[in-house]
Amino acid sequence: MSWITKTLTSSIGRKIIMSVTGLFLCSFLVIHLVGNLQLFKHDGGAAFNAYSHFMGTNPIIRTIEWVLVLGFGFHIYEAFALTRRNKAARGHGYAQWKAEQNSEWTSRNMGILGTIILIFLIVHLYNFFWRARFAGDLPKMGGVDLETADYDNLYLAVVSSFHIWWYVLLYVAAQISLGYHLWHGFRSGFQTLGLNHRKYMPLIKYAGYVFAVVVSAGFASMPLYFFLFTNERGDVVSNAPAFIQSVASAF
Amino acid sequence: MAGSNPNAKPMNLTLNVWRQPNRSTEGKMVEYKVKDISPEMSFLEMLDVLNEDLLHAGTDPVAFDHDCREGICGSCDLFINGRSHGPEKGTTTCQLHMRKFSDGDTITIEPWRANAFPVNKDLSVDRSAFDRIIQAGGYVSVNTGGVPDGNEIAIPKDIADRAFEAATCIGCGACVAACKNASAMLFVSAKVSQLALLPQGKPERKTRVENMIEQMDKEGFGACSNIGSCAAECPVGISLENIAILNREYISAKATSNNLA
Ligand code: HEM
Ligand code: FES
């Protein structure tokens with residue numbers, strides 16, 4: 001084994017890969033969330049579909065997409081490799097085990113939380129990414145603009161999916177899992193890289209909490225909004241609360 | 001608190017103790033009753049009482065590790081009621097007192113559980129894996145020449161303090177026992193950062209961390225998930241900051257050392 005493989009398969013090396021990919025995925029979440037906020041725009045999906053078209057066709061984005069695939073791939077692979085090693089380190093368990101008295105639940109259940117995210121990811125990618133990129137069975141935007149008429153109407157696909165109750169449930173459950181995953185993961189990623197300084201750690205810790213809540217609540221708000229307050233075309237229903245009506249009409 | 005009163009009432013307790021005759025035989029939890037335990041006793045003294053009872057009854061006494069009984073040697077290693085060294089923060093088992101328990105309590109006592117720490121007998125475990133990690137690099141090779149002058153090597157106070165904090169690790173293994181992954185990272189990090197902080201440790205800095213981590217992995221300890229059970233259960237309060245230092249030391253050693261293997 002060369003020094004590189006030896007380093008990357010050591011217990012610390014695997015965690016370094018975990019943290020680098022995990023923090024990279026955090027940056028992806030920011031882009032994904034900000035882009036998706038266009039779902040809330042009241043234009044029948046024009047902005048969102050144009051954005052999706054750009055993301056799906058721009059060569060630079062398509063290249064970075066591979067980095068994203070690798071990021072997920074390595075993160076998930078190392079998750080299983082580490083979990084196996086960690087489980088094997090204690091063959092005989094305790095009769096009594098009071099870990100809740102010395103640590104946070106999230107930190108001890110990253111694997112379970114990650115697995116829920118993974119299940120979500122498969123469904124999510126199949127339904128939107130696969131159908132847009134490979135299956136090509138999405139409705140088209142149509143309309144008079146010749147340039148955009150041929151774009152996939154991903155907006156409509158999203159909005160109609162978000163009217164299926166179990167789909168909304170899966171999304172919300174996955175976002176809760178993601179929130180807890182990041183609650184521990186954000187800070188943990190810095191710690192793994194050795195970026196723990198008594199001056200900055202408190203800041204990183206609370207930034208992580210804010211990040212976890214904002215990102216997961218942000219993503220969860222989308223299925224909930226469409227399920228509760230709009231019809232299948234994304235128009236706000238007339239019996240939605242006045243507050244929603246006025247916020248929606250502002251965009 | 002009842003315990004601060006020397007006339008406090010003696011307690012009767014039920015103990016669930018792991019009994020295992022030797023390494024190769026599977027053990028089991030066995031229930032014992034102990035009577036008239038003074039709240040002033042240490043936990044190990046309470047076990048002495050149990051063992052005396054067992055000896056009188058002609059039964060094999062419970063084997064457990066201990067030496068100084070002053071909280072400094074790190075020999076005592078009991079997993080009590082689901083926690084390393086029991087319920088009290090910042091203490092070793094030998095410094096845990098029975099006043100922390102109440103009359104009628106049931107106390108579960110188990111050995112440290114980690115594949116790298118095989119059970120010798122009952123509650124006594126073999127922690128020589130730690131010794132082998134130290135042998136791999138947890139030392140400074142000094143040339144024993146003449147006696148150097150005091151303060152010849154200037155060390156800033158805050159660095160000296162931090163190195164000392166790390167050096168207080170007594171190697172008891174509570175971190176491994178409490179960790180969900182049975183990871184030895186807190187122990188190794190205390191040893192690595194102690195020596196990395198001091199000028200005397202600099203010459204062997206890179207090979208030390210490389211070799212110690214290699215040995216740690218070879219012994220079969222788990223990796224660190226930054227859960228923090230280790231630091232919370234550590235009797236001397238070694239902090240997680242040391243693990244960050246260890247990771248930094250490891251990454252920079254691997255990136256810059258001349259070791260190609
Ligand atoms: C967008 C999705 C995800 C993000 C942003 C993310 C982020 C992170 C971060 C920042 C960490 C901390 C790394 C460290 O402790 O150094 C982490 C740890 C972890 N992740 Fe993820 N993750 C994601 C998806 C997943 C998935 C799909 C899985 C599993 C199949 C997973 C499993 C784990 C596990 C098991 C750990 C803990 C590893 C350990 O400390 O032993 N994650 N994640
Ligand atoms: S017996 Fe020495 S520390 Fe407990």
Could you state the interatomic distance from NZ (B:K218) to OG (A:S10), rounded to the nearest 0.5 Å? 13.5 Å

Using non-hydrogen atoms and a limit below 4.5 Å, what part of residues 59-86 of chain A faces chain B? A:L82, A:R85, A:N86

In this structure, CD1 of B:I107 is separated from CD of A:Q96 (nearest 0.5 Å) by 10.5 Å

Identify the heavy atoms of A:K15 and B:N226 that sit nearest to each other, and give their distance. NZ-ND2, 3.9 Å

Chain A contact via B:L240 - which portion, at a heavy-atom distance below 4.5 Å: both

Looking at chain A, which one of B:C179, B:G222, B:A223 has the largest number of heavy-atom pairs inside 4.5 Å, strictly under? B:A223

Would the number of heavy atoms belonging to other residues, nucleotides or ligands and lying under 6.0 Å from CZ of A:F186 be above 12? yes

List the atom of B:A244, the atom of A:Q191, and the distance in Å for their closest heavy-atom pair. N-NE2, 3.5 Å

Report the C-alpha separation of A:I12 and B:L246 in whole Å, then their side-chain angles, then the decisive distance to 0.1 Å, and conclude whether the side-chain contact (heavy atoms from CB on, under 4.5 Å) test is met. CA-CA 9 Å; A:I12 296 183; B:L246 170 65; 4.1 Å; yes

Nearest-0.5 Å distance that lies between atom OG in B:S84 and atom NZ in A:K98: 13.5 Å

Counting only N and O atoms by type, is there a donor-acceptor contact under 3.5 Å from the side chain of B:K254 to the main-chain atoms of A:W3? no

Side chain, backbone, both or neither: which part of B:E110 has a heavy atom under 4.5 Å from chain A? side chain

What distance separates A:H197 NE2 from B:I245 CD1, expressed to the nearest 0.5 Å? 9.5 Å

Donor-acceptor contact present, side-chain B:E214 to main-chain A:K6, <3.5 Å: no

Which atoms of B:T108 approach chain A - backbone, side chain, both or neither, heavy atom under 4.5 Å: side chain

Is it the side chain or the backbone of B:P87 that comes within 4.5 Å of chain A heavy atoms, both, or neither? neither

Interface residues of residues 123-131 of chain A facing chain B - non-hydrogen atoms under 4.5 Å apart: none

Donor + acceptor pair across side chains of A:N102, B:E233 (<3.5 Å): yes

Which of B:A177, B:A232, B:S239 touches chain A most, by non-hydrogen pairs under 4.5 Å: B:A177

Quick check: under 4.5 Å, non-hydrogen atoms only, which of residues 87-94 of chain A neighbour chain B? A:A88, A:A89, A:R90, A:G91, A:H92, A:G93, A:Y94

Quick check for you: among A:M201, A:R14, A:R198, which has the greatest number of heavy-atom pairs under 4.5 Å with chain B? A:R198

Quick one: salt bridge (Lys or Arg N to Asp or Glu O under 4.0 Å) pairs with a partner in residues 21-30 of chain B, sequence neighbours left out? B:R23-B:D126

Structural part of B:N259 lying under 4.5 Å from a heavy atom of chain A: backbone

Winner by heavy-atom pair count (cut-off under 4.5 Å) against chain A, out of B:A178, B:S257, B:G228: B:A178

Would you tell me whether B:D217 and A:S11 have side-chain atoms, one donor and one acceptor, within less than 3.5 Å of each other? yes

Over all atoms of both residues, closest heavy-atom pair of B:N247 and A:T192: ND2-O, 2.7 Å

A:T7-B:Y250 side chain donor-acceptor pair, cut-off 3.5 Å: no

